[in-house]
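Notes for the one structure printed next.
The basis for the numbers below is simple: all heavy atoms, side chains too, and nothing from hydrogens, waters or symmetry mates. So that the names make sense, note that chain A is the first sequence line, chain B the second, and so on, each numbered from 1.
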Amino acid sequence: MGYVIELDVYQGPFDLLLDLIAQNEVDLWDIPIATITEQYLEYLYSLQEQDLAITGEFLLMAATLIRIKSRLLLPQDPLPEESEEDQEDPRTELVEQLIRYKFFKEVAQFLDNRYAEASKHFTRGQALESLDLTPLYTNPFGDVTLEALGELYCQLLAELEKEQPLHRITGKISLPERLALVRLQLVGQPRATFSDLLRDNSAAEIVVTFLAVLELVRLGEIMLVQTESFGQIDVQPLQLEVEVRP
Amino acid sequence: MTLAEAKVVVEGLIFASESPLTASEIASIMELDAALVESLVEDIRSSYEASALTIRKVGGGYQFVTKAELAPWIEKLGRPVISAPLTAASTETLAIIAYQQPVTKVEIEQIRGVRSDSAINSLLERELIKELGRKEGPGRPILYGVSDKFFTHFGLTSLEELPMKGISEWK
Amino acid sequence: MTLAEAKVVVEGLIFASESPLTASEIASIMELDAALVESLVEDIRSSYEASALTIRKVGGGYQFVTKAELAPWIEKLGRPVISAPLTAASTETLAIIAYQQPVTKVEIEQIRGVRSDSAINSLLERELIKELGRKEGPGRPILYGVSDKFFTHFGLTSLEELPMKGISEWK
């Protein structure tokens with residue numbers, strides 16, 4: 001361990017390299033790698049002398065630089081199997097990284113300037129009294145019409161008028177039974193409405209029938225069609241593909 | 001600093017201060033006379049006459065506030081905006097209230113056969129119904145009726161204009 | 001409502017809102033067209049030319065702020081600095097996130113050439129960036145993007161205001 005503190009002056013090896021390149025006034029696309037490597041290592045030694053820890057990234061870059069330098073020094077006698085890619089300038093990848101980093105460093109500078117500018121504008125100092133947070137309905141009536149309200153009211157009254165039974169005998173309705181029943185009801189029918197499938201309209205029956213219908217949808221035996229919210233649900237049996245084998 | 005420049009600084013200070021600023025606080029920041037600050041504030045106030053803002057004096061300090069007549073608009077700020085249609089339960093409940101008003105929650109529930117608290121609350125929030133007072137008798141339950149918004153929306157002047165087709169058969 | 005009245009309401013809403021209001025938010029409150037709101041805001045802005053205040057557009061929303069030249073005076077009010085300047089590491093990281101979002105920590109570190117955990121944490125703490133979800137693939141690393149506060153902090157309206165020169169060289 002010992003690679004702990006990030007260098008104060010430089011954000012990282014790219015930053016240090018860019019600075020060395022700028023100081024040498026050389027072209028980024030034609031870096032004198034030997035000179036730059038030497039100066040880079042010198043800088044790291046000087047840090048060590050000051051007892052400053054060097055982070056791993058700086059050492060990794062030192063290794064990269066030395067590798068590039070040695071590859072450039074190698075005589076150009078490519079082995080037969082070496083592809084063209086390998087003959088590329090070994091500096092290219094590093095230069096591309098440096099250019100990309102340099103761009104973001106400039107953007108960072110741009111952001112710093114924008115912050116300095118933005119921080120000169122002050123917003124309103126005092127909060128206004130607390131505001132009402134109840135929801136605001138942009139379309140409170142939806143698409144309800146007066147006629148629909150009237151009809152709905154009629155239907156509700158009609159339901160009420162239905163004679164209330166004196167006794168109610170409720171039998172337990174099982175899902176498998178209802179499933180079988182719904183299948184039977186749909187035999188030979190191109191379609192049926194959900195309410196066609198009901199017999200006594202009890203809450204329990206509605207729930208179990210609905211579950212049965214959902215199960216049939218899951219099994220791929222039927223599909224459901226509803227053309228408007230709260231409208232009639234149409235139940236349509238799907239054509240079963242029967243595989244016939246001789 | 002000219003008077004015009006001083007006026008702008010006073011204006012900025014009042015706006016940006018986190019608590020109402022007194023004339024003497026402004027005077028000490030700007031190294032001016034407090035009486036001069038007061039007269040500058042009067043100048044600023046009059047230059048805001050046509051705008052939405054004004055300078056109010058509270059507890060001896062000045063602060064920018066919106067004018068009182070804008071309150072109905074300002075109250076809309078920060079409120080969640082909902083554009084969902086009415087649910088079937090709310091529509092049924094609205095129908096019952098429109099035809100039977102004044103009506104209590106229990107009466108609504110007897111007709112619908114299900115609990116209607118959330119439907120009623122949603123209609124109240126949408127301001128489609130309002131409380132009309134309380135019914136005499138045990139528990140003094142709240143009576144509901146449709147709101148003015150209901151009348152305006154459907155262009156009604158009285159409840160007698162509600163469609164009656166089919167309803168006479170039941171009533 | 002006349003245009004003059006609408007202008008006053010827009011002004012009041014922008015002033016009263018706790019956070020910058022967009023033209024479409026104002027439009028929905030006032031039931032007006034967003035383009036009309038934008039032109040009203042321009043009207044308001046020009047009527048504030050001689051005053052201490054101006055309307056700034058940040059992150060697509062409008063807000064009243066004091067003009068930059070008043071900063072030395074307003075600083076005398078002793079308002080706490082909302083956010084200290086960022087470190088160079090944080091600004092670099094933020095620049096990368098703004099251009100490359102959604103972006104992972106590893107991708108940021110590849111560009112910067114150094115570990116960036118603490119810069120990312122500091123940006124998250126300041127709410128200048130946010131997590132956008134996770135990237136598909138091994139380790140499902142977190143993806144980062146800039147937040148609404150990023151725009152206010154730097155007085156930017158949209159990412160398009162960021163410099164584009166030089167991008168073509170490496171993108």
Item to check | N-O pairing of B/E109 and B/K105 below 4.0 Å | outcome: yes
Checklist entry - So which of B/L128, B/L156, B/L94, B/I96 has the largest heavy-atom pair count under 4.5 angstrom toward chain A? => result B/L128
Item to check | Side chain / backbone / both / neither for B/T91 at chain A, heavy atoms under 4.5 Å | outcome: both
Checklist entry - Can you pull the side chain to side chain donor-acceptor pair (under 3.5 Å) pairs that have at least one residue in residues 31-40 of chain B, sequence neighbours excluded? => result none
Next on the checklist: Given heavy-atom pairs under 4.5 angstrom as the criterion, report whether the side chain, backbone, both or neither of B/L123 touches chain A.
Outcome noted: neither
Next on the checklist: If we define contacts as heavy-atom pairs under 4.5 Å, which of B/S122, B/A98, B/G12, B/S19 has the most with chain A?
Outcome noted: B/S19
Checklist entry - Side chains of B/S90 and B/T93: is there a donor and an acceptor less than 3.5 Å apart? => result no
Item to check | Listed partners of B/K57 passing salt bridge (charged side-chain N to carboxylate O under 4.0 Å, His left out), at least two apart | outcome: none
